[in-house]
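Just below is one structure, and these are the notes that go with it.
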There are 2 protein chains.
Amino acid sequence: METQDLKKAGLKVTHPRMKILEILERAPEHHLTAEDIYRKLLEEGEQIGLATIYRVLTQFEAAGLVNRLHFEGGQAVFELDRGTHHDHMVCSRTGRVVEFYDEIIEKRQQEIAKAHGFRIRDHSLILYGEFIDDESASES
Amino acid sequence: METQDLKKAGLKVTHPRMKILEILERAPEHHLTAEDIYRKLLEEGEQIGLATIYRVLTQFEAAGLVNRLHFEGGQAVFELDRGTHHDHMVCSRTGRVVEFYDEIIEKRQQEIAKAHGFRIRDHSLILYGEFIDDESASES
DNA sequence: TGCGATTATGAGAAAGATTCTCAATTTTTT
DNA sequence: AAAAAATTGAGAATCTTTCTCATAATCGCA
């Protein structure tokens, strides 16, 4: 079923592209850097060059298959686009990322944009902080 | 009056720090990359190394004097912290940045965080798109 | 099903942004 | 004004991402 996604996106079905899609689909964290993907592939014996990973991710982004997010730290993270828009909460202690969606915020953004004569193409809302549950998990 | 800011922040009053603060205060754009600051200083005959600029900006950030923002494009931009929090709207055509603040969004963020057991330390909301007024200004 | 044209990949070089190193300079203290 | 402490500048180093180009894989068609 992944091959369909690639074809629909107008991309040829190649081994690297399939494998990268697979990794993104299986990743429990859902948010991976290009390096993360590179290492995960290596662990599975797939020796795919970093350059290819960046290239493919950029193509996936253009095709709407993945989103590129700019968290603090300058390193881009990628997530599979599962069709439903959402924003992010990032735990600075554990790196855990939680997604959320809020109708009220979405609506306000549109209203604010309108008031400023601005047409929103995309937006990024990220909350940085800590999950109180993770409090105990102290790491040296 | 700038020297006060530096002293209050526990930073020694040095020539580069003063000049960088000045540039940030005077910049009509309000949002500058380290390079921008470097070039503006050069134009004024101040030959301050890029390394110093990054170092000082990082110190200013730690002291709460400036904010570092991660727009699309991987290059960090810096703005003077004028005490009032705000979010950003970035025009992808002209690069124009407009600040806004919305009580409702701020409140919702807190509510959402609370519901998730999350303590917000900081947040970043950026709207990407175009200003309709800027529409005519086409650039090849 | 195999060939050829086209497109993708891999490795390393290159580019861009940011940080580090360390000797020389400036600030602050005395 | 001199000594101690902190800061700066220049370039090297690092990190992330993109580019180049020769080799390899994919797809359409015979």
Side-chain angles (χ1 to χ4, degrees), chain A residues 2-23 31-42 44-63 65-79 95, chain B residues 2-23 31-42 44-63 65-79 95:
Chain A
E2 295 119 20
T3 55
Q4 307 308 332
D5 297 337
L6 288 177
K7 279 184 185 158
K8 254 189 290 179
L11 294 170
K12 285 186 182 168
V13 179
T14 68
H15 184 70
R17 285 177 186 156
M18 297 265 292
K19 287 301 174 186
I20 292 171
L21 249 194
E22 262 182 61
I23 291 289
H31 298 83
L32 304 176
T33 64
E35 276 283 333
D36 289 339
I37 296 172
Y38 177 71
R39 273 186 285 98
K40 276 175 189 276
L41 285 169
L42 268 189
E44 301 189 4
E46 299 288 345
Q47 196 158 337
I48 295 175
L50 240 190
T52 299
I53 293 175
Y54 275 106
R55 213 173 341 179
V56 167
L57 286 171
T58 299
Q59 294 162 340
F60 283 3
E61 187 190 17
L65 291 175
V66 312
N67 300 123
R68 182 194 305 253
L69 306 173
H70 298 274
F71 289 171
E72 289 176 336
Q75 208 163 167
V77 302
F78 299 84
E79 67 174 10
Chain B
E2 295 118 22
T3 55
Q4 307 307 332
D5 297 338
L6 288 176
K7 278 184 184 157
K8 255 189 288 181
L11 295 169
K12 287 186 181 167
V13 179
T14 68
H15 184 71
R17 284 177 186 158
M18 296 266 291
K19 287 301 174 188
I20 292 171
L21 248 196
E22 263 182 59
I23 291 289
H31 297 83
L32 303 176
T33 65
E35 276 282 336
D36 288 340
I37 296 172
Y38 177 72
R39 272 186 285 100
K40 276 174 189 276
L41 285 169
L42 268 190
E44 302 188 4
E46 298 289 344
Q47 196 157 338
I48 296 175
L50 241 189
T52 299
I53 293 174
Y54 274 107
R55 215 173 346 192
V56 168
L57 286 171
T58 300
Q59 294 161 341
F60 283 2
E61 187 189 18
L65 291 176
V66 311
N67 299 124
R68 182 192 306 251
L69 306 174
H70 298 273
F71 290 171
E72 289 177 335
Q75 207 162 168
V77 302
F78 299 84
E79 66 173 11

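Each chain gets a letter, A, B and so on, in the order its sequence line appears, and its residues count up from 1. Only heavy atoms go into these numbers, but all of them, side chains included; no hydrogens, no water, no symmetry mates.
- Put simply, the side chain of B:L50 reaches to within 4.5 Å of the side chain of B:E35, judged on heavy atoms.
- Comparing C:dT27, D:dT8, C:dG12 by their nearest atom to the side chain of B:H15 picks out C:dT27.
- Looking at heavy atoms from C-beta onward, A:E22 lies in side-chain contact with A:K19 at the 4.5 angstrom threshold.
- In this structure, B:E72 atom CD and D:dT17 atom C1' are separated by 16 Å, rounded to whole Å.
- D:dT8 atom C1' lies 14 Å from atom CZ of B:F60, rounded to whole Å.
- The side chain of B:R17 places an N or O atom within less than 4.0 Å of a non-bridging phosphate oxygen (OP1 or OP2) of D:dT7.
- If you check every strand for non-hydrogen atoms under 4.0 Å, A:T52 touches a base.
- The nearest heavy atom of DNA chain C to B:A34 and to B:T14 marks one nucleotide each, and the one closer to the 5' end goes with B:A34.
- Not one N or O on the side chain of B:R68 forms a donor-acceptor pair closer than 3.5 Å with the backbone of B:A76.
- Between the CD1 atom of A:I53 and the P atom of D:dT16 there is a distance of 14 Å, given to the nearest Å.
- If you measure from atom CZ of B:R68 to atom P of C:dT18, you get 8 Å, rounded to the nearest angstrom.
- The CZ atom of A:F78 sits 7.0 Å away from the OH atom of A:Y54 when rounded to the nearest 0.5 Å.
- The residue among B:T58 and A:G49 whose nearest nucleotide of DNA chain C is located toward the 5' end is A:G49.
- The nearest whole Å value for the distance from the CD1 atom in A:I48 to the P atom in C:dG10 is 6 Å.
- The only member of A:L57, A:T52, A:T58 that meets side chain to side chain contact (heavy atoms under 4.5 Å, CB included) when paired with A:R55 is A:T52.
- As a whole-Å value, the separation of A:R39 CZ from D:dC15 P is 13 Å.
- For B:K7 and C:dT28, the NZ to C1' distance is 11 Å, given to the nearest whole Å.
- Within the 4.0 angstrom heavy-atom criterion, no nucleotide atom of any strand lies near B:E35.
- Listed nucleotides C:dT18, D:dA10, D:dT16 differ in distance to A:Q75; the shortest reach to its side chain belongs to D:dT16.
- Rounded to whole Å, the distance from CE on B:M18 to C1' on D:dT7 is 15 Å.
- Among the nucleotides C:dA11, D:dT7, D:dT17, the one closest to any side-chain atom of B:K12 is D:dT7.
- Side-chain N/O atoms of A:Y54 include one lying less than 4.0 angstrom from OP1 or OP2 on D:dT17.
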